[in-house]
Every structure is written in structure tokens, then in C-alpha cells.
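Working notes, beginning with the structure itself.
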Amino acid sequence: MGRSVSEQDRIRWNQRFAEGAYRQRNHPSALLAEQAGLLGNSGQALDIACGAGRNSLYLARLGFAVTAIDISDTALAQLNACKPASAAIRSICHDLDDGLPTLDRCYDLIIKMRFLKLDLLDQLLQLLSPGGVLVCEVLLQTDAAQSGVGPRESRFRAAPGALLGHARGLEILYSYEGLVTDPDGRDAAVAQLVARRDGFG
């Protein structure tokens, strides 16, 4: 009997992390760091498709208790191996293509960085506490020349305006579509969103 798609994805991502594909990315997302002043320094945070946890570690340093979710148990093992004893990070291995796992709390901050699956935002917004902040960045469909950041196929990238379209009912704090330069010097076409849920919701 063949492996399921979920198993195949997990094997593929485990191999990439085991080979050190993202080892040089030990800095937090530039968008997350730039918007740190809006995030506060405590509360519950949810990191979607966290990989080896560079953003989870950053949020824990700010004072958040972080729930980190990823399909790769190898990536989560790397996160758990390097997190300080004082870091409040719990990791959950789960295939997000199947939706969210069962979560037992709401979150003051939810981040989703360069993982597309925009329909997941509808579920995530249900978990956002009143006054909570969503920070999201996805690769954007574009004809602009790039330096190999991310897959080129349109199905792995958001159409212009698509990310913002999922933020209806939220207070938009920041929105951008276009090129950014990653810390490694490569350009990436992205859609970015920072939005807040009504504090009386």
C-alpha cells in the first residue's frame, strides 16, 4: 500500500530540514521584527507552519507563550533542541493541509509566514482573541524577476489582493504587496498583512 499524501509531505520536509536547507535562517521574519511594537510582550501566540521555529523563538524571547505547528517532526525536534529552558514553546506535529489541529485556547497573536493555504485564515480568525493581532506573509504571484526565493508556480503563490480579501472584519494595521529583500540579499515577491480583531468581538 502506498504512502498517503500527508506522509509523503512529512518525509519530504523532514529530509529538507535534516539536510540543513533552512539552517542559515536563524533570524526572525523581517515583517515580524518590524511590527514588534504592535505585538505587545506577553500572551498566547500561535505560529503556523513554524519550521525549525525561528519566529517561535523570537516570540518567546519577547515574552509570549507560543504554540508552534508544523508537518515536520524533524523541524520541531530542531526547535526543541535549541529552545532555552525558559522558553514557553509547545510544539505540535500536524499536516495543516488537513486544517488546524484541535486547539484548547485563543491567541493574542497569530503568525503565518510564507505558508500559503489562505483558506486556513478563516479558521485562524476564529482563534484570535478580541484585540489580538494577525501577522501574515505569503509569496505573491508576479512577473518580476526574482533570485530564486520560493517556488515559481502560481499555485504556491497568492493572487494580488487575495490575502487582504481574507481580512474582512479586521482592522488593517499594515498591508503591502511587492518586492522585499530578504536578509540573505535575495528579492522575494510577497503579500504582507498585519491586522487586529475588534477588542469588543
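Quick note: numbers below take in every heavy atom, side chains included, and nothing from hydrogens, waters or symmetry partners. Model, not experiment: these values are computed from the prediction.
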Check: Is the shortest heavy-atom distance from the side chain of D70 to the side chain of L79 under 4.5 Å?
Finding: no
Item checked: Note, C50 side chain near I111 side chain (heavy atom, < 4.5 Å) -> no
Notebook entry, point to check: Does G161 offer a backbone N or O that forms a donor-acceptor pair with the side chain of E177 under 3.5 Å?
Noted result: yes
Notebook entry, point to check: If you measure from NE2 on H27 to CG on L57, what distance do you get to the nearest 0.5 Å?
Noted result: 13.0 Å
Item checked: Shortest non-hydrogen contact from A36 toward Y58 -> CB-OH, 3.4 Å
Notebook entry, point to check: From L163 CG over to Y176 OH, what is the distance, rounded to the nearest 0.5 angstrom?
Noted result: 13.5 Å
Item checked: Side-chain heavy-atom pair L31, V190 within 4.5 angstrom cut-off -> no
Margin query: I'd like to check L140 versus Q192 (side-chain heavy atoms, cut-off strictly below 4.5 Å). Are they in contact?
Written below: no
Notebook entry, point to check: Out of curiosity, does L76 fall in the hydrophobic cluster containing L59 (side-chain heavy atoms, cut-off under 4.5 Å, transitive links)?
Noted result: yes
Next item on the list: Would you check if D187 and V180 make a side-chain contact, meaning some heavy-atom pair closer than 4.5 Å?
Entry: no
Next item on the list: To the nearest 0.5 angstrom, please state how far the NZ atom of K117 sits from the CD1 atom of I48.
Entry: 11.5 Å
Notebook entry, point to check: When rounded to the nearest 0.5 angstrom, what is the spacing between CZ in R90 and NZ in K83?
Noted result: 11.0 Å
Next item on the list: Compare every heavy atom of A60 with every heavy atom of V66, then report the nearest pair and how far apart it is.
Entry: CG2-N, 3.9 Å
Check: For F64, does its backbone N or O pair with a side-chain atom of S42 as donor and acceptor, under 3.5 Å?
Finding: no
Note to self: If hydrophobic clusters are built from ILVMFWY residues whose side chains come within less than 4.5 Å, do M113 and L38 share one?
What the structure shows: yes
Next item on the list: Go through L164 and L193 one step at a time and tell me if the side chain to side chain contact (heavy atoms under 4.5 Å, CB included) criterion holds.
Entry: CA-CA 7 Å; L164 190 58; L193 175 69; 3.9 Å; yes
Note to self: Donor-acceptor pair, distance only, cut-off 3.5 Å: does the side chain of D182 make one with the backbone of A188?
What the structure shows: no
Item checked: Minimum heavy-atom distance between S72 and C93, given as atom pair plus value -> C-SG, 4.3 Å
Next item on the list: List in chain and number order the residues that pass side chain to side chain contact (heavy atoms under 4.5 Å, CB included) with L125, two or more places apart in sequence or in another chain; answer none if no residue qualifies.
Entry: L128, L134, L170
Check: Counting only N and O atoms by type, is there a donor-acceptor contact under 3.5 Å from the side chain of D95 to the main-chain atoms of I71?
Finding: no
Note to self: Side-chain heavy atoms nearer than 4.5 Å, only ILVMFWY residues, links allowed to pass through others: does that put V194 and L62 together?
What the structure shows: yes
Note to self: Hydrophobic clusters here meaning ILVMFWY residues chained together by side-chain heavy-atom distances under 4.5 Å, can you tell me if L127 and I89 are in one?
What the structure shows: no
Notebook entry, point to check: Is there a side-chain contact between K112 and V138, using heavy atoms and a 4.5 Å cut-off?
Noted result: yes
Checklist line | Distance-minimising heavy-atom pair for N55 and S29 | finding: OD1-N, 2.7 Å
Notebook entry, point to check: Do L39 and I172 belong to the same hydrophobic cluster, where Ile, Leu, Val, Met, Phe, Trp and Tyr are linked whenever their side-chain heavy atoms lie under 4.5 Å apart, directly or via other members?
Noted result: no
Next item on the list: Check P101 against I92 and note the closest heavy-atom contact, atom names and distance.
Entry: CG-CG2, 4.3 Å
Note to self: If I compare all heavy atoms of A158 with all of L118, which pair ends up nearest, and what's the gap?
What the structure shows: CB-CD1, 4.1 Å
Checklist line | Gap separating the OG1 atom of T142 from the CZ atom of R157, nearest 0.5 angstrom | finding: 8.0 Å
Next item on the list: Enter the distance from L124:CG to L100:CG here, rounded to the nearest 0.5 Å.
Entry: 5.0 Å
